[in-house]
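This report refers to the structure that appears directly beneath it.
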Amino acid sequence: MRVIGLMSGTSYDAIEAAAADLTLEGDTLVLRPLGALSLPYPEELRGCIEAVLPPAATTAEAVCRLDTGIGQAFAEAAVRADGELCSGTADLVVSHGQTVHHWVEDGAVRGTLQLGQPAWIAEATGLPVVSDLRSRDVAAGGQGAPLVSIVDTLLLRARPGVSAALNLGGIANVTVVAPGADPVAFDTGPANALIDAAVRHFTQGARDYDADGRGAARGRVRPGLLARLLDEPYYRRPAPKTTGKELFHLAYLKDALAAQPVPEPDDVLATLTRLTAVTVADACRAHDVTELVVSGGGARNPVLMRMLGEELADVRLLPSDSLGLPSTAKEALAFAVLGFLTVHGLPATVPSCTGARHPSLLGSITPGRTPLRLPEPAAVPPRRLRISDATRRP
Ligand SMILES: Nc1ncnc2c1ncn2[C@@H]1O[C@H](COP(=O)(O)OP(=O)(O)O)[C@@H](O)[C@H]1O
Ligand SMILES: [Mg+2]
């Protein structure tokens with residue numbers, strides 16, 4: 001089955017679209033990547049997303065407009081992916097949509113809201129769409145995240161030692177796969193969320209991120225500010241746990257900065273970059289990780305990667321590209337897998353990772369141009385994921 005995955009994370013910078021051929025061979029899921037596209041959000045839409053995010057208040061009208069605007073942008077990405085990556089032969093679109101609220105209370109997730117009305121995608125492509133993938137896990141008592149954990153688990157299970165996958169988006173999440181133990185997955189805290197917020201603040205919105213970590217490279221880590229930031233109770237909570245920009249936003253950073261003499265902007269960036277490295281490293285050490293497979297936009301920040309290497313001197317760091325999954329397309333490919341599992345009648349969650357009571361069949365399905373015809377439910381769930389045609393292997 002030829003599947004397009006569409007993803008935009010908490011950084012709401014761009015829609016990542018990736019296509020893959022997926023086949024079940026016994027208990028092996030085979031994924032052949034067909035390429036990926038990154039479509040930056042139109043500036044106006046970005047502004048609208050920013051305007052509804054916490055701690056801002058919003059209206060039903062703004063949410064409705066955004067649901068339409070994001071749905072149309074995702075539809076455009078799907079059309080392009082079908083044309084440019086699949087020569088018009090895609091069978092299914094899987095859309096994560098854009099998270100606008102992840103409602104956490106006392107460590108429990110009560111709800112999660114992704115916008116991007118799938119009807120626009122079905123209308124534009126004529127293809128069936130799987131969307132709203134997180135809610136079912138929340139209804140089953142889970143965090144609704146990190147959903148990529150099933151893909152990480154299938155991919156890393158056969159690797160030696162304690163292997164972990166790390167995605168550095170707005171938020172950082174890890175999946176730890178140790179031999180003989182249930183996998184665990186959780187958000188470690190911010191990856192780029194606070195760095196991006198600081199850059200936008202210090203440049204009055206002229207820039208969105210610390211390109212190539214240049215600001216952080218010029219700055220010095222301020223131990224007082226770092227200690228203040230590390231005092232965040234979230235880091236000490238046990239897994240499973242998830243977080244979002246409901247916690248790690250500009251007002252949160254301003255609060256921390258108010259507690260001391262305000263450092264130079266570059267020092268703030270250096271300190272925030274170190275914060276990400278330290279919190280990820282602490283999480284990895286707590287789980288005796290020996291190998292860390294890194295993906296997401298943060299993998300392109302050389303200062304963050306250097307700091308991570310310093311904090312985890314005994315851990316082997318490698319990009320997900322070296323396992324055949326391009327690091328910026330990994331999450332989009334993972335969502336393609338989730339939707340593929342859904343239409344094959346297979347649960348797509350790992351309860352030990354999301355904290356749910358049981359594995360769940362995920363998502364809502366919107367029919368395409370023709371009546372919905374689902375494949376026969378698969379006889380056995382996959383035990384491993386093989387990436388075919390991977391160009392490089394470690
Ligand atoms: N060259 C780069 N240098 C520094 N940071 C980068 C670079 N490229 C991407 N990033 C960071 O990655 C973020 C986007 O990563 P992404 O994986 O798309 O996150 P999300 O899933 O939250 O959208 C950007 O906001 C930026 O902070
Ligand atoms: Mg992104």
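One-based numbering, in listed order, for ligands and for the atoms of each. Quick note: residue numbers are just sequence positions, from 1.
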CD of Q98 to CG of L115: how many Å apart, nearest 0.5 Å?
8.0 Å

Check each atom of ligand 1 against the heavy atoms of A211 and keep those under 4.0 Å away; list them by number with element.
3 (N)

Tell me, which protein residue and heavy-atom name are nearest atom 20 (P) of ligand 1, and how many Å apart are they?
S11 OG, 3.4 Å

May I ask you to check if ligand 1 and T10 share an N or O to N or O distance below 3.5 Å?
yes

Using a strict cut-off of less than 4.0 Å between a Lys/Arg side-chain nitrogen and an Asp/Glu carboxylate oxygen, indicate whether E61 and R65 qualify as a salt bridge.
yes

Are more than 12 heavy atoms, taken from residues, nucleotides or ligands other than E264, located less than 6.0 Å from that residue's CD atom?
no

Looking only at distance, does D196 have an N or O less than 3.5 Å from an N or O of ligand 1?
yes

Y209 N/O under 3.5 Å from ligand 1 N/O:
no

Assess, by modelled atom type and distance only, whether the side chains of D152 and T175 contain a donor and an acceptor separated by less than 3.5 Å.
yes

In terms of side-chain heavy atoms, does S360 have a donor or acceptor partner in D137 at a distance below 3.5 Å?
no

What part of D13, side chain from CB on, backbone N/CA/C/O, both or neither, has a heavy atom under 4.0 Å from ligand 1?
side chain

Rounded to the nearest 0.5 angstrom, the CD-CG distance for E232 and L229 is 9.0 Å

Heteroatoms of the protein, restricted to N/O/S, which lie under 2.8 Å from the Mg ion (ligand 2)
D13 OD1

I'd like to know if E16 and K330 make a salt bridge, using a cut-off of under 4.0 Å between side-chain N and carboxylate O.
no

Could you tell me the residue and atom name of the protein heavy atom closest to atom 4 (C) of ligand 1, and the distance to it rounded to 0.1 Å?
D210 O, 3.2 Å

Of the protein's non-hydrogen atoms, which lies at the shortest distance from atom 21 (O) of ligand 1, and what is that distance?
G9 CA, 3.3 Å

N/O of G296 under 3.5 Å from N/O of ligand 1, yes or no?
no

Are any of the heavy atoms in S8 under 4.0 Å away from ligand 1?
no

From K245 atom NZ to I171 atom CD1, the distance as rounded to the nearest 0.5 Å:
7.5 Å

Counting only heavy atoms not in R236, do more than 12 sit closer than 6.0 Å to its CZ atom?
yes

Distance filter under 4.0 Å to G170 heavy atoms, resulting ligand 1 atoms
19 (O), 20 (P), 22 (O)

Protein heavy atom at shortest distance from atom 9 (C) of ligand 1:
G297 O, 3.4 Å

Please find the pair of heavy atoms, one from L250 and one from A197, that lie closest to each other, and give the distance.
CD1-O, 3.8 Å

In Å, rounded to the nearest 0.5 Å, how long is the span from CG of L6 to NE2 of H96?
11.0 Å

G298 neighbourhood, listing ligand 1 atoms whose heavy-atom distance to it stays under 4.0 Å
12 (O)

Show the atoms of ligand 1 that are less than 4.0 angstrom away from any heavy atom in N192.
11 (C), 12 (O), 13 (C), 27 (O)

I need the nearest protein heavy-atom contact for atom 3 (N) of ligand 1: residue, atom name and distance, please.
D212 N, 2.8 Å

Taking atom CH2 of W120 and atom CZ of F74, what is their separation to the nearest 0.5 Å?
15.0 Å

Would you confirm whether Y252, through its side chain, and L194, through its main-chain N or O, come within 3.5 Å as a donor-acceptor pair?
no

